[in-house]
There are 2 protein chains.
Amino acid sequence: MNQVAILGVGQTPVREHWDISIRDLAVHAGRAAMQDAAVTHVDAIYVGNMTSGLIGQQRQLGALVADYLGQWGVEAVKMEAACGSAASAMRQGLLAIASGEMEAVLVIGVEKLTESPGKQTTAALATAADADYELVQGVSFVGLNALVMRRYMHEYGYERHDFAPFALNAHANGATNPNALFRQAINQKMYDEGRIVADPISLFDASPIGDGAAALLLVPALKAPHAIRVVGSAASTDTLAIHDREDPLWLKAAEQSANSAYRQAGIGPQDIDLFELHDAFSIMAVLSLEACGFAERGEGVRLGQNGDILPGGRIPICTMGGLKARGHPVGATGLYQLLEATLQLRGAAGEAQIDGARVAMTQNIGGSGATIVTHILERPSP
Amino acid sequence: MNQVAILGVGQTPVREHWDISIRDLAVHAGRAAMQDAAVTHVDAIYVGNMTSGLIGQQRQLGALVADYLGQWGVEAVKMEAACGSAASAMRQGLLAIASGEMEAVLVIGVEKLTESPGKQTTAALATAADADYELVQGVSFVGLNALVMRRYMHEYGYERHDFAPFALNAHANGATNPNALFRQAINQKMYDEGRIVADPISLFDASPIGDGAAALLLVPALKAPHAIRVVGSAASTDTLAIHDREDPLWLKAAEQSANSAYRQAGIGPQDIDLFELHDAFSIMAVLSLEACGFAERGEGVRLGQNGDILPGGRIPICTMGGLKARGHPVGATGLYQLLEATLQLRGAAGEAQIDGARVAMTQNIGGSGATIVTHILERPSP
């Protein structure tokens with residue numbers, strides 16, 4: 001199987017882009033990635049997106065983006081796995097190059113959420129859950145995560161307060177990232193006084209939606225020996241409905257996809273220099289760290305309390321703000337994570353740079369853990 | 001690159017399935033394909049679907065279907081390219097096996113349209129067009145195709161009447177297919193008196209929507225030397241908006257993807273024994289035949305008039321009813337086409353069997369020609 005390298009990256013800032021259409025967001029990021037790679041033609045374009053059919057009345061984003069990028073005639077299609085859409089597009093890009101059929105593939109994650117009237121966005125995001133057995137109860141997506149967080153606190157004896165370090169770290173890191181939606185640090189008092197959205201989840205435990213696009217230009221590693229390399233890539237699934245799981249506090253698909261990625265890379269959690277995880281909610285960051293082997297069951301919260309997750313810590317997470325502060329343009333998020341990991345390994349993360357970063361992991365989650373895609377990237381030895 | 005074989009097929013009838021949910025439709029077809037192949041575990045599931053996020057409030061069909069098929073933990077994602085979604089899922093299945101990473105892949109196309117209230121389906125289908133430059137004018141999808149058909153009639157001097165053979169052939173063939181939505185032949189008089197939907201398109205020039213699912217089980221050809229083989233596969237794109245095309249009467253993406261598939265298979269149009277084309281509207285069947293080299297520009301209509309498209313003709317099309325009579329469950333259609341082509345090559349098409357069929361072509365179209373996916377299948381020599 002052909003190894004794959006990331007030759008170019010491109011992004012738009014995460015904002016409320018009232019004046020930019022979804023096609024233009026995608027084109028901006030895609031063109032930037034092509035320019036970064038100095039590539040003018042690609043063989044295929046895979047677009048990750050969750051809600052454009054509902055919110056923008058626009059489907060078939062693959063062909064649309066190919067046209068507006070001037071890549072007339074190329075193969076192009078959209079992937080959807082709720083908030084895991086963008087890393088799913090990455091998976092397809094990797095398989096396409098690994099097949100030998102493609103030499104240059106553009107993967108783009110794009111989402112535009114702020115144009116929707118009233119509660120349409122909440123309704124659109126809820127489609128990540130099980131419509132017939134969860135949504136029918138009237139529970140929102142944040143409501144589902146609140147149930148999980150409450151159960152975790154009950155089971156392992158934590159208070160809401162204990163989750164604060166995850167929000168504080170994300171906001172402190174986001175403050176250094178010019179593309180982040182929120183660029184100011186918060187303190188413990190602000191966290192403690194955070195308005196409750198769905199008890200026990202406060203505003204500071206929930207990531208904000210946003211508009212944005214991120215893109216990577218992929219080529220066979222043989223063609224780009226000095227580019228950041230994908231050394232592990234795996235996707236795994238679990239039940240959509242949380243109540244169908246044996247253990248609602250264990251992200252089985254995170255464990256499986258991470259173990260598979262570790263195996264491919266020939267490494268373990270101790271070798272990861274930074275981890276761009278899917279902190280859609282503080283509780284998801286905690287569960288992800290546990291399932292991926294960075295903490296024992298029920299101990300993930302302590303990685304925050306110990307400072308392990310900070311930029312200088314044992315396993316820095318959300319180094320450029322994470323979903324919490326960079327923002328969570330749902331179907332684009334997985335490629336923002338991969339792009340940020342690439343910048344870190346290039347030594348191009350600016351103020352957010354993790355010194356000497358050589359191996360980075362990313363994890364993108366669709367729904368409440370139903371689709372989980374894990375990647376491991378590596379800087380080639382000089 | 002690994003060659004791929006189709007080891008199993010499964011489908012539901014196309015109907016108004018009021019009593020079957022979208023997950024159950026997909027599971028029914030998927031399980032049937034696995035049973036047909038005598039395979040109990042797959043490495044990945046790719047689901048083609050267009051509208052479930054809007055009409056069923058259900059996204060993330062990949063993980064959902066994997067769960068309900070008992071394929072816990074496997075990689076699974078949904079592809080969307082409007083009405084070209086299912087053949088796009090097929091493309092990804094082929095690339096995944098070609099990569100060497102997967103040994104058995106299930107591709108499923110599924111759509112459930114009849115559960116939507118009022119005009120929601122028309123609105124959902126319209127998202128295949130360009131939202132900002134076509135939809136904004138208030139034109140429906142059938143309206144766009146009516147403009148193309150009118151232009152064709154004007155340009156080449158045909159009457160509506162001349163398109164009748166396409167509807168007559170589809171309905172006659174659909175009558176032999178127990179899985180077709182419409183199972184009765186029509187005659188010229190019925191066609192001529194057909195109610196106009198969007199002038200000049202009558203009810204008999206437009207395919208009906210429906211609910212249904214079709215699935216294929218793919219494996220490396222080396223593992224299944226006697227199974228039907230995929231010898232050509234290509235996808236191409238064009239502008240979403242018809243007015244952006246140099247020539248609105250030429251399906252450039254059909255020409256490109258067909259030529260690429262011919263090249264891969266080492267054959268030409270003269271070698272195709274049957275062609276399951278995308279007759280969403282009579283005019284699209286005509287344009288597809290021209291772009292794929294079966295007729296000169298402006299002459300596609302004559303293949304109907306000459307009887308070339310009939311079961312005993314030079315290039316039989318829509319042999320099991322096509323979109324017109326089998327029905328058009330949009331995001332599932334591409335896999336119904338591939339399934340029917342497989343049955344023909346197996347000699348298992350029942351009353352619809354084309355004698356001695358050895359090479360079959362399928363073509364699935366998203367939007368008004370924006371995403372076009374062409375496949376060529378071959379029966380291996382005994």
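The structure presented is a predicted model; accordingly, all values stated were derived computationally and were not measured. Residue numbers begin at 1 in each chain, while the letters A, B, ... track the order of the sequences.
- Remark: B:H328 engages B:H278 in a ring pair (Phe, Tyr, Trp, His ring centres under 6.0 Å) (not counting sequence neighbours).
- With a threshold of 4.5 angstrom between heavy atoms, B:A253 does not approach chain A through any atom at all.
- A side-chain N or O of A:W72 and one of A:D67 form a donor-acceptor pair less than 3.5 Å apart.
- Taking chain B as the reference chain and counting heavy-atom pairs below 4.5 Å, the highest number among A:G56, A:A44, A:A126, A:A82 is found for A:A82.
- Annotation for A:T114 and A:W18: closest pair O-CH2, 2.9 Å, computed over non-hydrogen atoms.
- Only the backbone of B:A129 comes within contact range of chain A, judged by heavy atoms closer than 4.5 Å.
- For a residue to count as touching a neighbouring chain, one of its non-hydrogen atoms must lie under 4.5 Å from one of that chain's; by this rule A:L54 touches chain B with backbone and side chain alike.
- Scanning for side-chain contact (heavy atoms from CB on, under 4.5 Å) contacts around A:S85 gives A:M50, A:E80, with sequence neighbours left out.
- Residue B:S257 does not touch chain A at all, counting heavy-atom pairs closer than 4.5 Å.
- When each of B:I45, B:V77, B:L61, B:I97 is checked for heavy-atom pairs under 4.5 Å with chain A, B:V77 comes out on top.
- Contact annotation for residues 240-247 of chain B against chain A (heavy-atom separation below 4.5 Å, listed by residue number): B:L240, B:D244.
- In this structure a side-chain-to-backbone donor-acceptor pair under 3.5 Å is present from B:Q264 to B:S233.
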Derivation and outcome, side chain to side chain contact (heavy atoms under 4.5 Å, CB included), residues A:I20 and A:D211: CA-CA 9 Å; A:I20 309 181; A:D211 304 335; over 6 Å; no
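- Contacts of B:L64 with chain A are made by both backbone and side-chain atoms, with heavy-atom separations under 4.5 Å.
- In this structure, A:A123 has no side-chain contact (heavy atoms from CB on, under 4.5 Å) partners at least two apart in sequence or on a different chain.
- When the candidates B:R59, B:K252, B:Q256 are compared by the number of heavy-atom contacts under 4.5 Å with chain A, B:R59 comes out ahead.
- The candidate from B:Q60, B:E75, B:Q71 with the greatest count of non-hydrogen atom pairs under 4.5 Å with chain A is B:Q60.
- Looking only at distances, no side-chain donor or acceptor of B:T127 sits under 3.5 Å from a matching main-chain atom of A:G53.
- Between chain B and the options A:V74, A:I372, A:N49, heavy-atom pairs under 4.5 Å are most frequent for A:V74.
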Evaluation steps, side chain to side chain contact (heavy atoms under 4.5 Å, CB included), between B:E111 and B:T51: CA-CA 7 Å; B:E111 200 77 55; B:T51 69; 2.6 Å; yes
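- In this structure, the side chains of A:L338 and A:V107 stay at 4.5 Å or more apart for every pair of heavy atoms.
- Annotation for A:L69 and A:G30: closest pair CD2-C, 4.1 Å, computed over non-hydrogen atoms.
- Chain A forms the most heavy-atom pairs under 4.5 Å with one residue out of B:D130, B:V47, B:T239, B:I22, and that residue is B:D130.
- When each of B:G73, B:S236, B:A81 is checked for heavy-atom pairs under 4.5 Å with chain A, B:G73 comes out on top.
- Contact check for A:E101 versus B:L95: side-chain heavy atoms found under the 4.5 Å cut-off.
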